Amino acid sequence: MMELEWFTVSTPLPTGSMRVAVTAQGVAAAAFNPRESVGLPPGTELADPAGDRRAAAVAAQFADYFAGRRQDLDLPVDWRLTSGVQRTVLRTLHRSVGWGRTITYGGLADLSGAFEPGLPAGAPARTVGSIAGSCPISLLVPCHRVVAADGLGGFGGGAEGMAVKRWLLTREGVLDPELDWTG
DNA sequence: AGGCAATCTAATG
DNA sequence: CATTAGATTGCCT
């Protein structure tokens, strides 16, 4: 039984605040929309970031990140919620794609080496999309920096999610605030 | 420029 | 165990 400690971090994002879970190993989950209790084990109580050391550290870095005082989060990640190809892809993404950089779905698939060569170009890319879509550790693992070969790509959470993705990429200087990236 | 088929993983009944 | 859905791509018309 892993000790997931959930708490809420307020952000300037269109979705308001994020919900984050930490364990003894590091950050295990981070979801944009607090209303959706994705992966939230029943019976878990929200901790008070001010009263918990780990939560406070995470909340502080998130605050710095959103305020523009910090570009890359320096927090340990607990990969226990991921497995198999998902873990491979997400870890590749986490270590390879930094601030202000983006990678295409196909590119990430290729880089991760989790897929056999010779497959049609679109197949692994779609899988990467699925994986990123169920990315349990948003923001820390830069799921929002994964874009389509042709345009911006999509994002979970519908229109709200897209707003978040655009917000983040704009803030990282990848997108021009005034222009659409879809060319 | 717009439409279509191929292919992979994770989640659910 | 089988079926469904999903944040894609490249080629053809």
Side-chain angles (χ1 to χ4, degrees), chain A residues 2 4 6 11 13-21 27-42 44 65-66 72-73 77-177 179-183:
Chain A
M2 50 181 169
L4 281 177
W6 289 87
T11 75
L13 292 172
T15 49
S17 50
M18 289 183 64
R19 179 169 349 195
V20 183
V27 181
F32 284 123
N33 198 335
R35 293 177 305 182
E36 297 177 2
S37 322
V38 182
L40 183 65
T44 324
Y65 180 87
F66 285 117
D72 281 302
L73 298 170
V77 176
D78 190 337
W79 298 99
R80 272 180 295 179
L81 291 183
T82 65
S83 62
V85 181
Q86 186 182 47
R87 196 179 77 181
T88 304
V89 171
L90 291 181
R91 247 182 19 197
T92 301
L93 174 61
H94 177 244
R95 78 137 210 248
S96 306
V97 182
W99 173 274
R101 292 191 50 194
T102 57
I103 191 171
T104 61
Y105 293 101
L108 179 56
D110 190 36
L111 185 64
S112 70
F115 303 91
E116 305 258 342
L119 292 172
R126 193 163 219 268
T127 303
V128 169
S130 284
I131 291 173
S134 59
C135 176
I137 324 175
S138 310
L139 201 63
L140 203 58
V141 176
C143 322
H144 58 277
R145 302 197 185 118
V146 188
V147 298
D150 213 3
L152 187 53
F155 206 76
E160 252 183 355
M162 280 303 295
V164 172
K165 182 174 187 173
R166 263 188 9 227
W167 192 97
L168 290 170
L169 291 179
T170 300
R171 175 158 155 7
E172 297 189 1
V174 176
L175 291 181
D176 201 315
L179 301 176
D180 273 355
W181 201 56
T182 53

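The structure presented is a predicted model; accordingly, all values stated were derived computationally and were not measured. Just so we're on the same page: letters track the sequence lines, and every chain starts at 1.
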- Task: To the nearest Å, give me how far apart CZ (A:Phe155) and P (C:dT8) are.
- Result: 13 Å
- May I ask you to list the residues of residues 97-105 of chain A, by number, that have any heavy atom positioned under 4.0 Å from an atom of DNA chain B? none
- Query: So what does A:Ala148 hit on the nucleic acid, given a heavy-atom distance under 4.0 Å: a base, only sugar-phosphate, or nothing?
  - Reply: sugar-phosphate
- Query: What one-letter contact string describes nucleotides 1-6 of chain C from 5' to 3', where B marks a base within less than 4.0 Å of any protein heavy atom, S marks contact via sugar-phosphate atoms alone, and - marks no contact?
  - Reply: -----B
- With side chains defined as the heavy atoms from C-beta onward, is the minimum distance between A:Trp167 and A:Thr15 less than 4.5 Å? no
Only pairs under 3.5 Å count here: list side-chain donor-acceptor contacts from residues 93-104 of chain A, not counting sequence neighbours, and write none if there are none.
residue  : atom : partner  : partner atom : Å
A:Ser96  : OG   : A:Thr92  : O            : 2.7
A:Thr104 : OG1  : A:Gly107 : N            : 2.9

- Message: Let me check I have this right: for DNA chain B, each base becomes ., (, ), [, ] or |, based on Watson-Crick or G-U pairs with both distances under 3.5 Å. What is the full string?
- Response: ||||||.||||||
- May I ask you to test the A:Val77-A:Arg91 pair for a side-chain heavy-atom distance under 4.5 Å? no
- Message: I want to confirm an ordering. Mapping A:Ala123 and A:Val85 to their closest nucleotides on DNA chain B, which one lands closer to the 5' end?
- Response: A:Ala123
- Message: In this structure, how many angstroms lie between the P atom of C:dA7 and the CG atom of A:Leu169, rounded?
- Response: 16 Å
- Do you know the tightest heavy-atom contact between A:Ser138 and A:Phe32? CB-CE1, 3.5 Å
- 5'-most to 3'-most nt of DNA chain B touching chain A (<4.0 Å, heavy-atom partner on protein side) reads B:dT7 to B:dA10
- Task: Heavy atoms only: give me the nearest A:Val128-A:Ala109 pair and the separation to one decimal.
- Result: CG2-CB, 3.5 Å
- Note on the structure: Heavy atoms of A:Phe155 and A:His144 approach each other most closely as CE1-CA, 3.8 Å
- Query: Reckon A:Gly153 touches a base, only the sugar-phosphate, or nothing at all at heavy-atom distances under 4.0 Å?
  - Reply: nothing
- Note on the structure: Result for 5'-nearest mapping on DNA chain C, choosing between A:Cys135 and A:Ala121, is A:Cys135
- Query: What does A:Pro124 touch in the nucleic acid at a heavy-atom separation under 4.0 angstrom: a base, only the sugar-phosphate, or nothing?
  - Reply: nothing
- Message: Are the side chains of A:Trp79 and A:Leu90 in contact, using a 4.5 Å heavy-atom criterion?
- Response: yes
Validation: residues 113-124 of chain A side-chain donor-acceptor distances under 3.5 Å, sequence neighbours left out:
none

- Message: So A:Asn33 and A:Val164, do their side chains get closer than 4.5 Å, heavy atoms only?
- Response: no
- Message: Counting C-beta onward and ignoring hydrogens, is there a side-chain heavy-atom pair between A:Arg166 and A:Leu152 closer than 4.5 Å?
- Response: yes
- Item | pair A:Ile137-A:Asp78: side-chain heavy atoms closer than 4.5 Å | no
- Query: Can you name the closest pair of heavy atoms from A:Ala29 and A:Leu81 and give their distance?
  - Reply: CB-CD1, 4.0 Å
- Message: Using heavy-atom distances to pick each residue's nearest nucleotide on DNA chain B, tell me which of A:Gln86 and A:Gly122 is more 5'.
- Response: A:Gly122
- Query: Looking only at atom types and distance, does a side-chain atom of A:Lys165 sit under 3.5 Å from a main-chain N or O of A:Cys143, one as donor and one as acceptor?
  - Reply: no
- Item | Close side-chain approach of A:Leu13 and A:Phe66, heavy atoms under 4.5 Å | yes
- How long is the line joining CZ of A:Arg166 and C1' of C:dA7, in whole Å? 15 Å
- Task: Report which part of the nucleic acid A:Cys143 touches: base, sugar-phosphate, or nothing (heavy-atom distance under 4.0 Å, all strands).
- Result: base
